[in-house]
Amino acid sequence: MPYSSLVRRKPRDKAQAISPAVPTGNTQSDGEHPSTRAREERRELMQQVSVFIERHDLNATGGNLAVICEALSGSNSKLAEAFAAREISKEPIDQRWLDTLTRLDPGNNDRMSELEKLMDRLEYSMMRFAQTAKSAQDETSDGREAMGAQIEAMNTAGNEMASESIDVSQFIELSRAMMERIEQVENAMERSQAETDKLRSSLAEARTEADVDHLTRLPNRRAFERRFKSAASEARAKGEQLCVAFCDVDHFKKINDTHGHEAGDRILVAIASTLNEIASDQCFVSRHGGEEFVLLLYGHDKDAAWRKLDGVRRVMSHRQLMNRETGRPFGKVTFSGGIAEVTEDIDTRSALSRADEALYQAKAAGRNQIIAL
């Protein structure tokens, strides 16, 4: 079945693309209710996605489903065009190509940037609320103390006025009630401030955790994108060299199919641990997704970066890994890598394309090797 037959008609405009099908009491010209039509379209899209995944032997991961849905629905015209061009050229639509397509999509970086800005605004708003609450709490505390002094003065004056038959007890009781109310407000503000501080702490922890890959405990793609941007700017400003390298586990799907996904996860953890051994102030290592890792090598030209990464590759290729659950050997587990120098081009992100192309060449040349472009 050709790709064009799977792609749904592109919505006429953005508003139409995002507007839900809400029942209005009217029916379509063919007598079909709008909500019924919407459900059928969703069901049809899911069927198309299912057929597409099965036909190209892809993993049904969240990332894959999102990309494929955007392409087949026509909601992302650039993805739809990329899929169509791939089909027309009869080149394979495999996991490697999907990962590359996702990685080089500038929209992902824009969405990450917007999320960062949103979290920054949220943190700033909570900080301002905490400051306001603290200021208000201090003011109410001062007011309560002043009112307490006034009540004492009124008590003293009341005793003196009693001999003159002047009753001030009602004023004193009213003042005490006001002071109790102020104390209640002060306690509520104190609780609000404590809750706000707790929320700020939780947000800070969430931001830190959001930068960590839960399986390997390495920094994740989100952390890499932020580090890559700052490292490239710093390298250009200082006139220093910076290289980026992609590493991809060879025949990882075969490992999963033969030994199971849990065993595959242990392989990823082992490789992550090996790569992490070279992590330092001059080498940032992260998991980019799936079986792929990415490194930033500060102060390294392509030759120096190649020597460092190839040394890790040799160490990994000589290890004999065993499946502890079954006692069966995994055989030789290797990875391939591609390296590019970031500062070679005016366009910083072009280095990612070149490193990705180098990795593709390493795979095509037989795997278990590192190529620098």
Side-chain angles (χ1 to χ4, degrees), residues 61-64 66-67 70 76 78-79 82 95-123 203-238 240-248 268 271-272 275-276 278-300 305 309 337-360 373:
T61 63
N64 284 355
V67 172
E70 288 185 9
N76 187 321
K78 291 184 177 179
L79 283 176
Q95 192 61 53
R96 170 106 185 91
W97 181 76
L98 273 186
D99 290 342
T100 300
L101 189 68
T102 304
R103 177 171 58 248
L104 302 181
D105 178 15
N108 288 327
N109 304 306
D110 294 340
R111 287 188 287 273
M112 287 183 183
S113 178
E114 287 302 315
L115 180 60
E116 286 291 333
K117 291 177 182 178
L118 180 61
M119 295 181 75
D120 286 341
R121 288 197 296 269
L122 177 60
E123 189 171 18
L203 178 60
E205 291 177 4
R207 294 185 74 160
T208 300
E209 188 65 17
D211 284 343
V212 176
D213 175 62
H214 291 178
L215 176 65
T216 64
R217 305 310 297 174
L218 288 176
N220 59 17
R221 177 179 175 176
R222 178 174 179 270
F224 165 76
E225 289 290 349
R226 189 166 56 253
R227 178 66 71 93
F228 178 68
K229 183 177 180 180
S230 63
S233 298
E234 184 178 350
R236 291 185 187 281
K238 294 182 178 180
E240 298 176 346
Q241 293 172 314
L242 175 70
C243 280
V244 61
F246 285 119
C247 302
D248 189 273
L268 292 176
I271 292 179
L275 289 172
N276 199 40
I278 64 172
S280 65
D281 292 340
Q282 286 75 44
C283 182
F284 177 82
V285 181
S286 65
R287 185 185 179 193
H288 206 250
E291 64 270 28
E292 192 170 72
F293 300 86
V294 61
L295 293 76
L296 288 174
L297 298 110
Y298 299 78
H300 288 67
L309 192 55
I339 298 172
E341 193 167 332
V342 177
T343 49
E344 278 188 352
D345 198 315
I346 297 177
D347 180 11
T348 297
R349 296 196 68 82
S350 71
L352 300 178
S353 300
R354 288 184 279 114
D356 185 76
E357 175 60 26
L359 175 57
Y360 182 82
L373 288 181

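Numbering of residues begins at 1 and proceeds along the displayed sequence. Note that these values count all heavy atoms, side chains included, but never hydrogens, waters or copies made by symmetry. Given the structure is predicted, the values throughout are model-derived calculations rather than measurements.
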Closest approach of [X] to [Y] (non-hydrogen atoms, all atoms of both residues):
{"X": "N220", "Y": "V212", "value": "ND2-N, 3.5 Å"}
{"X": "E341", "Y": "A351", "value": "O-CB, 4.2 Å"}
{"X": "T216", "Y": "D213", "value": "OG1-OD2, 2.6 Å"}
{"X": "A223", "Y": "D211", "value": "CB-O, 3.6 Å"}
{"X": "G290", "Y": "L268", "value": "O-CD1, 3.8 Å"}

So L352 and F228, do their side chains get closer than 4.5 Å, heavy atoms only?
yes
How about L309 and L297: do any of their side-chain heavy atoms sit closer than 4.5 Å?
no
State the [atom1]-[atom2] distance between [X] and [Y], to the nearest 0.5 angstrom.
{"X": "S353", "Y": "L373", "atom1": "OG", "atom2": "CG", "value": "11.5 Å"}
{"X": "E344", "Y": "C243", "atom1": "CD", "atom2": "SG", "value": "7.5 Å"}
{"X": "E225", "Y": "K229", "atom1": "CD", "atom2": "NZ", "value": "10.0 Å"}
{"X": "L275", "Y": "C247", "atom1": "CG", "atom2": "SG", "value": "5.5 Å"}
{"X": "D248", "Y": "I271", "atom1": "CG", "atom2": "CD1", "value": "9.0 Å"}
{"X": "S286", "Y": "E292", "atom1": "OG", "atom2": "CD", "value": "10.0 Å"}

May I ask you to decide if the ring planes of F224 and H288 are parallel, tilted or perpendicular, using 30° and 60° as cut-offs?
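Plane angle over 60°, so perpendicular.
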Is the shortest distance from a Lys or Arg side-chain nitrogen in E234 or R227 to a carboxylate oxygen in the other one below 4.0 Å?
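No.
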Answer yes or no: does atom OH of Y298 have more than 12 heavy-atom neighbours from other residues, nucleotides or ligands under 6.0 Å?
yes
Quick one: list whatever passes side chain to side chain donor-acceptor pair (under 3.5 Å) with T343, sequence neighbours left out.
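Once residues adjacent in sequence are excluded, T343 has no partner under the side chain to side chain donor-acceptor pair (under 3.5 Å) criterion.
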Taken in chain and number order and not counting sequence neighbours, the residues that satisfy ring-ring contact (aromatic ring centres under 6.0 Å, His included) with F293 are none
